[in-house]
Amino acid sequence: MAYLDNSATTKPEKAVADKIYEMLSDKFGNPSSFHKEGLEANDEITRAREIIAKSLFCQSEEIYFTSGGTEANNLAIFGAAQAGKRKGNRIVTTAIEHESVLQSVSELEKRGFEVVRLMPDSKGRISEEQIFEAVNDKTILVSMMFVNNEVGSVLPVEAIKKALKRANAPALIHIDCVQAYSKIPIKPEKIGADLISISAHKIHGAKGVGALYVRKGVRILPLMFGGEQEKRLRPGTQAAPLIAGFGKAAELIPDYEQQKQSITALNAYAKAELNKIDGVVINSGEDASPYIINLYVPSFMTSQTVVQHLSSKYGVYVSNGSACAKGKRSHVLSAMKLSDKIIDKSIRVSFSRNTTKEDIDALINALSETIRDYHI
């Protein structure tokens, strides 16, 4: 199997699975209980919070556990908008955000908030100038992803704080770091973030758990009510096994520089081989994250059919966009104003630290044969 759909999810490390099993079998107590089993489970949550905080260069009390990146994004956006609505009503985001952000701001727009969606260029890039132009003194929230999940474009998030300062805006800054976390160093102070979303299953952890960084002193309102857990911002019995597994996954994040060199080399090799195949067009920019390559496949099959064909015949696993879109036409490629033909026949290849040259070779062989047999 050549698994190249790591932006959708990554394979959990064995140490993560072992930690989750340990929690389920040996430390199964409710972490809010004051007996031995409960205290042991709570200690594991505390340790995981400390490890994740260290990986984000922040304080442990600034980490709040959620059910995943989608909930973290919702909590950040709705929580910030409701907390800041007396100061203004403008929300600035982009047209290429994850669906959990796009749908959240669309719902707020229905409730009377003004939403400005920045449009990307043909490579999925957003400019600093666009951010400066969009922000005014009524802006209460800027929500922007660090790395785009479909084409890998890296957004200029560090410019947001400068733009808000110039406009004298009371806005909070939310950065969706789901695709950036564990791949590049994320320092809230450096990027000016008040809120940061991350997810475990993108870093070789389990599905069903994520976290929201909330800068100390920042106030957002909860979406749920019913308990004292997570300082009442995200109440409900914590998923201690998944959280402990998340901590183990964060603990296993390798050296950033070594990982970057390895993935950059794989990315360059993949692009060089892809460019040898007649008709293939790479949609991702040269300055995109090396973990993601979006490309057009010249076949009479749609991208969804190509994805199914590559997996069933060759054991090569890629995607036709965001897994959360469930096969819908890519809103990212549409926002980039690519042609319908390109949009309908493009796939996403995404790497992890476990990706090998042999995986790339398997992809190239499968694509070459597919295009030869099913060329337009």
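Values in this document were obtained by computation on a predicted structure and should not be read as measured data.
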Neighbour count above 12 (heavy atom, 6.0 Å) for K207 NZ | yes
Does some side-chain heavy atom of P120 sit less than 4.5 Å from a side-chain heavy atom of R125?
-> no
F246 pairs by side-chain contact (heavy atoms from CB on, under 4.5 Å) with which of I51, I203, I45?
-> I203
Could you please spell out the steps behind the side-chain contact (heavy atoms from CB on, under 4.5 Å) verdict for L108 and F78?
-> CA-CA 8 Å; L108 287 171; F78 284 102; 3.7 Å; yes
side-chain contact (heavy atoms from CB on, under 4.5 Å) evaluation trace for D194 with V214 = CA-CA 6 Å; D194 299 298; V214 182; over 6 Å; no
Is a side-chain donor or acceptor of S350 paired with a backbone partner of N6 at a separation under 3.5 angstrom?
-> yes
Tell me, do S319 and I347 make a side-chain contact under 4.5 Å, heavy atoms counted?
-> no
Can you tell if the side chain of I184 reaches within under 4.5 Å of the side chain of F146, non-hydrogen atoms only?
-> yes
Closest heavy-atom contact between N320 and S303?
-> CB-OG, 3.4 Å
K123 atom NZ, neighbour heavy-atom count above 12 within 6.0 Å | yes
If you draw a 6.0 Å radius around OH in Y256, do more than 12 non-hydrogen atoms from other residues or ligands fall strictly inside?
-> yes
Could you check if a side-chain atom of L333 sits within less than 4.5 angstrom of a side-chain atom of S346, using non-hydrogen atoms only?
-> yes
Do L102 and V92 share a hydrophobic cluster (ILVMFWY, side-chain heavy atoms under 4.5 Å, transitive)?
-> no
Are a donor atom and an acceptor atom from the side chains of S330 and E150 found within less than 3.5 Å of each other?
-> yes
Any side-chain donor-acceptor pair under 3.5 Å between N148 and S153?
-> no
Count the heavy atoms belonging to other residues, nucleotides or ligands that lie under 6.0 Å from CZ of R232, then report whether that count exceeds 12.
-> no
Given the rule in the salt bridge (charged side-chain N to carboxylate O under 4.0 Å, His left out) test, do K162 and E128 qualify, once you have shown the distances and angles that lead to the verdict?
-> CA-CA 10 Å; K162 300 173 189 174; E128 292 188 9; 5.4 Å; no
Any chance the side chains of D361 and Y269 put a donor and an acceptor closer than 3.5 Å?
-> yes
Ring geometry between Y314 and H309 (parallel below 30°, tilted from 30 to 60°, perpendicular above 60°) | perpendicular
Any donor-acceptor pair under 3.5 Å linking the side chain of N275 with the backbone of K271?
-> yes
Quick one: does E107's side chain have a donor or acceptor within less than 3.5 Å of a partner on Q103's backbone?
-> no
Between N267 and P290, is there a donor-acceptor pair closer than 3.5 Å when you use the side chain of the first and the backbone of the second?
-> yes
Sub-4.5 Å side-chain heavy-atom contact between T370 and L310 | yes
Decide side-chain hydrogen bond (donor to acceptor under 3.5 Å, both in side chains) for H174 and N73; before the verdict, give the C-alpha distance in whole Å, the side-chain angles of both, and the deciding distance to 0.1 Å.
-> CA-CA 8 Å; H174 167 239; N73 284 341; 3.2 Å; yes
Looking only at side chains, do Q308 and S312 share a donor and an acceptor under 3.5 Å apart?
-> no
So the salt bridge (Lys or Arg N to Asp or Glu O under 4.0 Å) pairs with at least one residue in residues 47-60 (sequence neighbours excluded) are R47-E251, R49-E230
Under 3.5 Å, side chain of S284 to main-chain N/O of N294, donor-acceptor pair present?
-> yes
Could you tell me which non-hydrogen atom of I96 sits nearest to which non-hydrogen atom of N149, and how far apart they are?
-> O-OD1, 4.5 Å
Got a list of side-chain donor-acceptor pairs under 3.5 Å for residues 259-266, not counting sequence neighbours?
unit_1	atom_1	unit_2	atom_2	d
Q259	OE1	Y291	OH	3.3
Q259	NE2	S182	O	3.1
T264	OG1	K260	O	2.7

Passes salt bridge (charged side-chain N to carboxylate O under 4.0 Å, His left out), D5 versus R348? Steps please.
-> CA-CA 8 Å; D5 193 19; R348 178 188 67 187; 3.3 Å; yes
What is the minimum heavy-atom distance between P188 and I196, and which atoms define it?
-> CG-CD1, 3.8 Å
So do the side chains of E97 and M144 get within less than 4.5 Å of each other, counting heavy atoms only?
-> yes
Side chains of D344 and T302: do they bring a donor and an acceptor to under 3.5 Å?
-> no
Are L367 and I277 close enough that some pair of their side-chain heavy atoms sits under 4.5 Å apart?
-> yes
For residues 58-65, please give each side-chain donor-acceptor pair under 3.5 Å, one per line with the distance, not counting sequence neighbours.
unit_1	atom_1	unit_2	atom_2	d
E62	OE1	Q59	N	2.8
E62	OE2	K216	N	2.8
Y64	OH	K231	NZ	3.2

Any donor-acceptor pair under 3.5 Å from N42 side chain to G38 backbone | no
Just by modelled atom types, is the S127 backbone N or O under 3.5 Å from a matching donor or acceptor in the Q130 side chain?
-> yes
Nearest heavy-atom approach of A206 to A200 is O-CB, 3.5 Å
Could you tell me which non-hydrogen atom of I91 sits nearest to which non-hydrogen atom of A81, and how far apart they are?
-> CD1-CB, 4.3 Å
Okay, side chain of N136, backbone of T139: is any donor-acceptor separation there less than 3.5 Å?
-> yes
Run the numbers on T46 and D43 for side-chain hydrogen bond (donor to acceptor under 3.5 Å, both in side chains), then give the verdict.
-> CA-CA 5 Å; T46 298; D43 286 345; 5.2 Å; no
Steps toward salt bridge (charged side-chain N to carboxylate O under 4.0 Å, His left out) verdict (R90, D137) = CA-CA 9 Å; R90 175 172 283 202; D137 62 357; over 6 Å; no
Criterion side-chain contact (heavy atoms from CB on, under 4.5 Å) on H98 and H331, from CA distance to verdict | CA-CA 9 Å; H98 186 268; H331 70 275; over 6 Å; no
More than 12 heavy atoms from other groups under 6.0 Å of CG on D373 | yes
Path from L118 to M145 over hydrophobic side-chain contacts below 4.5 Å = yes
Give a yes or no on whether the backbone of K11 and the side-chain of H204 come within a donor-acceptor separation of less than 3.5 Å.
-> yes
Would you say the side chains of S55 and Y181 form a donor-acceptor pair under 3.5 Å?
-> yes
Could you walk me through whether V349 and L295 pass side-chain contact (heavy atoms from CB on, under 4.5 Å), step by step?
-> CA-CA 8 Å; V349 177; L295 61 125; 3.7 Å; yes
Closest non-hydrogen contact found for P222 with F225 is CG-CE2, 3.6 Å
Going through the distances and angles, do R234 and E71 end up as a salt bridge (charged side-chain N to carboxylate O under 4.0 Å, His left out)?
-> CA-CA 10 Å; R234 203 284 187 180; E71 187 188 348; 2.7 Å; yes
Determine whether L155 and V151 fall in the same hydrophobic cluster, where Ile, Leu, Val, Met, Phe, Trp and Tyr are linked whenever their side-chain heavy atoms lie under 4.5 Å apart.
-> yes
Donor-acceptor under 3.5 Å (K345 side chain, F300 main chain) | yes
What's the spacing between E369 CD and R372 CZ if we round to 0.5 Å?
-> 5.0 Å
